[in-house]
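Structure first, commentary second.
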Amino acid sequence: MPHDLPKAYEPGAIEARWAEYWVREKLFSVPTPSKAEDSAQGIAGGGARATSDGRRPVFTLLLPPPNVTGRLHMGHMLNQTQMDIIVRWHRMRGFLTLWLPGTDHAGIATQMMVERQLASEGKKRRDLGREAFIERVWEWKRHYGGAILDQMKRLGASVDWDREYFTMDDGLSRAVIEVFVRLYEEGLIYRGKYIVNWCPRCETAISDLEVKHEEVQGKLFEIRYPVVGADEFIVVATTRPETMLGDTAVAVNEKDERYKHLQGKNVLLPLMNREIPIITDELANPEFGTGAVKVTPAHDPNDFQAGLRHNLPQIDLMDEHAHMNQNAGPYAGLSRYAARERVLEDLRAQGFLVGEKDYTIAIGKCDRCGTVVEPRLSTQWFIKIKPLADRATEVVENGEITIVPENYKQIYLNWMHNIHDWCISRQLWWGHRIPAWHCKCGEIIVAREAPAKCSKCGESELKQDTDVLDTWFSSGLLPFTTLGWPEKTRDQEVFYPTTLLITAYEILFFWVARMIMFGCHFMKGHQQDPALKQASGWADKKDDSVPFRQVYIHALVRDADRQKMSKTKGNVIDPLEIIQRFGTDATRFTLAAMAAPGTDIAFSESRTDGYRAFANKIWNAARFMFMNVDRAEQAGVWKQQEFLKGLEAGLRPALAGSETRPHMGVPGFQPLTLEDHWILSRFHRVTKDVNEAWQTYRFHEAANRIYDFFWGDFCDWYIELMKPRLAPQNDAEQASAGVACGNLVSLFEASLRLLHPVMPFITEEIWHAVYDGHPPLKSIALAAYPQADEQQFDLAAETNMAIVQDLIVSVRNLRAELKVEQKQKVPIQVYSQDAEIKSLLEQNQSAIQRLAGVESVTFVETSLSQLAGARSTARFDVHVVYEKKIDVAAERQRLTKELEQMEKEIASSTRQLGNEQFLAKAPAKVVEGMRQRLAELEVLREKVRSSLDQLGRSGK
RNA sequence: GGGCGCUUAACUCAGCGGUAGAGUGCCAUCCUCACACGGUGGAAGUCGUAGGUUCAAAUCCUACAGCGCCCACCA
């Protein structure tokens, strides 16, 4: 196959093609392994070897299901990228890897979406009726619900599409009902009339978590209530004067001397002219305001509690739209805000309003639509959370579940300790309908199936509860319901607990906490297949009821100005647009490279542009490789197919614990020269670091290491150094050309595998090209991830290479200083008193000549440091022989500056080395290092000084 | 009212106890047969401020300032 790749990397077509290929070929599908099957044979296409006990380790990851209404944003993309990296990395290491995708029915969001659609047709949901409306939502879902997952496919997410779920699927819905019924039977679900957060726009109750507080400038109004039968007033303060219409008491603190004499008396509620009692209750804080507080049990959670304590009537003033109802008397029909204005006017007119102060108040807004939430008295279903929370607290405290970064652990625990009962009913139509049936007699029957008749009175006409469940109720169950619960399945034995959850901080409470509570409760007593558990490295974990072993919380992606992205601000960066401009791989790389744990990411296009250049660099290195492979093949010094055959054995992932680990090195690589030994050592080093970084979710570190290795070591040095070997000048060089070619290919191939989890597309493309379109595996994603062999670290090669590089860079420096023209080659002189170094430099003379633009190298026996155009290091002096006059002033300036810095460092080192405390307390390594450095510096200083002297003499 | 995070080169960010780093941008130079999305060389930071701990602090502690986030039923 002719390797005629375009000169510049064009990601668009390539990425779309592979994304489609991965899905079509079902490369990441994982059928349920049977007990016999999951041993020796590979399951996920890769066909990895088994561990010595015959089992493959398992890695399971649940995709946080996006809302069906969702559109891909940067947060998704970061999340996806990190998950895909970790998943691909595990798969390539031979794990039986399941990544489970799906979407969430997203109750309120979806219902709103369809309601909006209806509105454009001039209809309302009630015009259609419940059934027709729900059918309409399903229709919407069929049309548009797949969009978000399609977008994820484009990112290359290596999920198992055969297991895709939707939270309203039949199976999952049955599981939801089962959970509800069981919790009810256990007394953990109750129904009651309480104050809940009510969204007047969505016309439903919402949970505490769905309320977002916002500080606004408001007013604190002081109203006086005349005391009945006394010629005085009691003054109360409120930020919501309209609720005074529903006051049923005024509370004072029992110990408050100011009001002792009024306890037990009544006040006359202004405007309503109703007598209400003055009660004593802890609700009233003597320190605050006047110490007296109005009590409105139907419109404030605290007042509600106080009302219960004192058996006060609850006067509900508003309807579901937060408009005043008939209980508000003359104010009925007004919105709460209009009512507020009117009440204030009237109070003012009648002389009851005595104070008005600026006051900052935190108002609660609906998470979905931003409408100010109304605390509203209504009958709802709740989960008694404490028993569930206790176990969910325990498993995080005792490390059965670990949270990374660790500071989120405390945040989680704090929240768990202050948790309130969870309101799970929603007055919506779209969602899992509550499995409770109401009878005229008042009986409520909770059951898995619709009951035929009332269990109490025998009535057969029963009505199902009209409420649906909070969306998070069903998503909290996913770790086990997606694996077939309530059935006991093989899937559960293999894949539960899932291994990891990667998600955003925002849903730590919404979702993560709920999954832990439900998982621990409903999977209590569950045991993962012990052999698989051990093979996967979780033998030390005792509790298999947890939904996952680890949670990784990723950062928030902000815009370039560190602002949180939001539609209202209009600063949303569309990942698809970024992808189009820079490519998916470059975008993925950017997110990985910027994802240092614990800090938010301010998305930077310039960084992405830099990584696009990186992709291009990889591309062109590949072109270089193919060019040489083709050339060598034609020259007959190299047999591509034969060589690749040799690599195949080492390509499949082997597992930790198996005896042969052929994938460890760079298969087929034969180190002959210094640069060969050096690059092999570097490869193993970077491989070690990268694997460690993935293991601990230090994505940025892994990405940066790979980047530096590929560009810095491999392209800038290795390829440049080996070029002459690839182009043999005579027969004698032919053989080594073959080896060089093989080294280039094998190192490149191994690097592609190292890179693949971050940049899946370009690596897949080049990898297939390496195999002329006939690779031994269907995808590089199924090949082995490189593992480091520390035996291959070659300190000598790295040290020697550093010296050669140092010399080359020194000469390049001098050339620039002397203003030698780029094309002009210059002779150099080299001096070293160390025979080994001298011989090293002699051996690498041709490399030095080529890479530093040198015409000839002469080794001399005396120091060169006093010459103009010379540079000295601790190991050698080098002199560029070039007659063009150097810029004396500039050179003096440079040397002076250098000298100053040296003096500074020498002074501080000398001071430290003279400090007994330092010598006594600092580690020997540090002291020794400083001594050596000081010695070198002192030698160098002399050289620089004499150069300066020389300049002074020859100057002008 | 509680809790948390950030402040390092012009910009975006790493580093988090032992000689200040990267990408982009900038300057100079080179279109050398992989790559100008490139090569080579260079300039650029008293690591927010003030104290403290330490032989040693960008790195640990305290306070302060600025920015930001989360949680919270006190009128």
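The chains referred to below are lettered A, B, ... by the order of the sequence lines, with proteins before strands, and numbering in each begins at 1.
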Below the 4.0 Å mark, does B/G15 have OP1 or OP2 next to a side-chain nitrogen or oxygen of A/His700? yes
Round to a whole Å and report the spacing from CG of A/Asp609 to C1' of B/G25. 11 Å
So, A/Phe714 versus A/Phe748, ring centres under 6.0 angstrom or not? yes
Does B/G39 have OP1 or OP2 under 4.0 Å away from a side-chain N or O of A/Lys617? yes
Note: A/Arg581-A/Glu605 ion pair, threshold 4.0 Å (strictly below): yes
A/Lys357 and A/Glu222 ion-paired at < 4.0 Å: yes
Between B/A34 and A/Glu720, counting only base atoms on the nucleotide and side-chain atoms on the residue, is there a donor-acceptor pair under 3.5 Å? yes
Where does the angle between the aromatic ring planes of A/Tyr505 and A/Phe509 fall among parallel (under 30°), tilted (30 to 60°) and perpendicular (over 60°)? perpendicular
Of all the choices, B/U19, B/C73, B/A72, which nucleotide is nearest to the side chain of A/Pro301 once you look at every atom? B/C73
From the set B/A72, B/G23, B/A34, return the single nucleotide nearest to any side-chain atom of A/Ser606. B/G23
Counting any heavy atom closer than 4.0 Å, what does A/Ala613 reach on the DNA or RNA strands: base, sugar-phosphate only, or nothing? base
Say you pick atom C1' in B/G3 and the same atom in B/C27; how far apart are they, in whole Å? 48 Å
Ion pair check, A/Arg933 and A/Glu905, cut-off under 4.0 Å: yes
Mind checking the P distance from B/A20 to B/C47? Whole angstroms is fine. 11 Å
Ring center gap for A/Phe352 and A/Tyr225 short of 6.0 angstrom: no
In whole Å, what separates the P atom of B/C31 from that of B/U12? 36 Å
With both distances under 3.5 angstrom, what nucleotide forms a Watson-Crick or G-U wobble pair with B/G17? none
Please measure how far the C1' atom in B/U7 lies from the corresponding atom in B/A58, and state the result in whole Å. 12 Å
Report the nucleotide, chosen from B/A34, B/C37, B/U12, that has the shortest atom-to-atom distance to any side-chain atom of A/Met594. B/U12
To the nearest Å, how far apart are A/Ile507 CD1 and B/C71 C1'? 17 Å
Is the distance from OP1 or OP2 of B/U19 to the nearest side-chain N or O of A/Arg933 less than 4.0 Å? no
For B/A10, give the paired nucleotide (Watson-Crick: N1-N3 plus N6-O4 or O6-N4; G-U: N1-O2 and O6-N3; both under 3.5 Å), or none. B/U24
Separation of the C1' atoms in B/A44 and B/C26, to the nearest angstrom: 9 Å
Within this structure, what is the CG-to-P distance between A/Leu744 and B/C35, rounded to whole angstrom? 15 Å
Would you call the rings of A/Phe589 and A/Tyr707 parallel, tilted or perpendicular, where under 30° means parallel and over 60° means perpendicular? tilted
Counting any heavy atom closer than 4.0 Å, what does A/Ala284 reach on the DNA or RNA strands: base, sugar-phosphate only, or nothing? base
Is the shortest side-chain N/O distance from A/Trp711 to OP1 or OP2 of B/G39 below 4.0 Å? yes
Parallel, tilted or perpendicular, as decided by the 30° and 60° cut-offs, for the rings of A/Phe614 and A/Phe710: perpendicular
Heavy atoms under 4.0 Å, any strand shown: does A/Tyr359 hit a base, just sugar-phosphate, or nothing? sugar-phosphate
So A/Phe304, base contact, sugar-phosphate only, or nothing? Heavy-atom distance under 4.0 Å. nothing
Less than 4.5 Å apart, any side-chain heavy atom of A/Glu282 and any of A/Arg309? yes
How is A/Asn813 classified with respect to the nucleic acid when contacts are heavy atoms under 4.0 Å: base, sugar-phosphate, or nothing? sugar-phosphate
Within the 4.0 Å heavy-atom criterion, would you say A/Arg607 contacts the bases, only the backbone, or no part of the nucleic acid? base
Considering just the side-chain nitrogens and oxygens of A/Lys294, establish if one lies under 4.0 Å of OP1 or OP2 belonging to B/C74. no
The Watson-Crick or G-U wobble partner of B/U29, with both key distances under 3.5 Å, is B/G39
Between A/Tyr611 and A/Asn414, which is nearer to the 5' end of RNA chain B once each is assigned its nearest nucleotide? A/Asn414
What nucleotide, of B/C35, B/G38, B/C73, holds the atom closest to the side chain of A/His420? B/C73
Integer angstrom distance from the C1' of B/G52 to that of B/G45: 25 Å
Identity of whatever pairs with B/G68 - Watson-Crick or G-U, under 3.5 angstrom: B/C4
Counting any heavy atom closer than 4.0 Å, what does A/Lys212 reach on the DNA or RNA strands: base, sugar-phosphate only, or nothing? sugar-phosphate
Between B/C31, B/A56, B/A36, which one does the side chain of A/Lys7 approach most closely? B/A36
Taking any heavy-atom pair under 4.0 Å as a contact, classify A/Glu916: base, sugar-phosphate, or nothing. nothing
Which part of the nucleic acid does A/Asp708 contact within heavy-atom distance under 4.0 Å: base, sugar-phosphate only, or nothing? nothing
So what does A/Tyr505 hit on the nucleic acid, given a heavy-atom distance under 4.0 Å: a base, only sugar-phosphate, or nothing? sugar-phosphate
Would you kindly give the CG-to-P distance between A/Asn915 and B/U54, to the nearest whole Å? 13 Å
Between B/C73 atom C1' and A/Glu210 atom CD, what is the distance in whole Å? 17 Å
If the P atom of B/U40 is compared with that of B/G48, how far apart are they to the nearest Å? 33 Å
Answer with base, sugar-phosphate or nothing: what part of the nucleic acid does A/Pro923 contact at a heavy-atom distance below 4.0 Å? base
In whole angstrom, give the distance that lies between atom CD1 of A/Ile553 and atom P of B/C4. 17 Å
By nearest atom, which of the nucleotides B/C35, B/C74, B/A56 is closest to the A/Asn302 side chain? B/C74
Using the P atom as the reference point in each nucleotide, state the distance between B/G5 and B/C73 in Å, no decimals. 23 Å
From B/C31, B/G18, B/U29, pick the nucleotide closest to the side chain of A/Ala922? B/G18
Measuring from atom CZ of A/Arg812 to atom CG of A/Leu807, what distance do you get when rounded to the nearest 0.5 angstrom? 10.5 Å
Ignoring backbone atoms, establish whether A/Asn418 has a side-chain N or O less than 4.0 Å from OP1 or OP2 of B/C71. no
Among B/G18, B/A72, B/A34, find the nucleotide with the atom closest to the side chain of A/Gln912. B/G18
Under a 3.5 Å cut-off for both contacts, is B/A44 paired Watson-Crick or G-U wobble with anything, and if yes, with which nucleotide? none
May I ask you to say what A/Ile411 touches in the nucleic acid, namely base, sugar-phosphate or nothing, with a heavy-atom cut-off under 4.0 Å? nothing
Using Watson-Crick geometry (N1-N3 plus N6-O4 or O6-N4) or G-U wobble (N1-O2, O6-N3), each under 3.5 Å, B/C60 is paired with B/G52
Of the listed B/G41, B/A34, B/G18, the closest approach to the A/Phe918 side chain comes from B/G18
Check this one for me: any side-chain N or O of A/His213 less than 4.0 Å away from OP1 or OP2 of B/C70? no
Write down the distance between NZ (A/Lys819) and C1' (B/C27), rounded to a whole number of angstrom. 12 Å
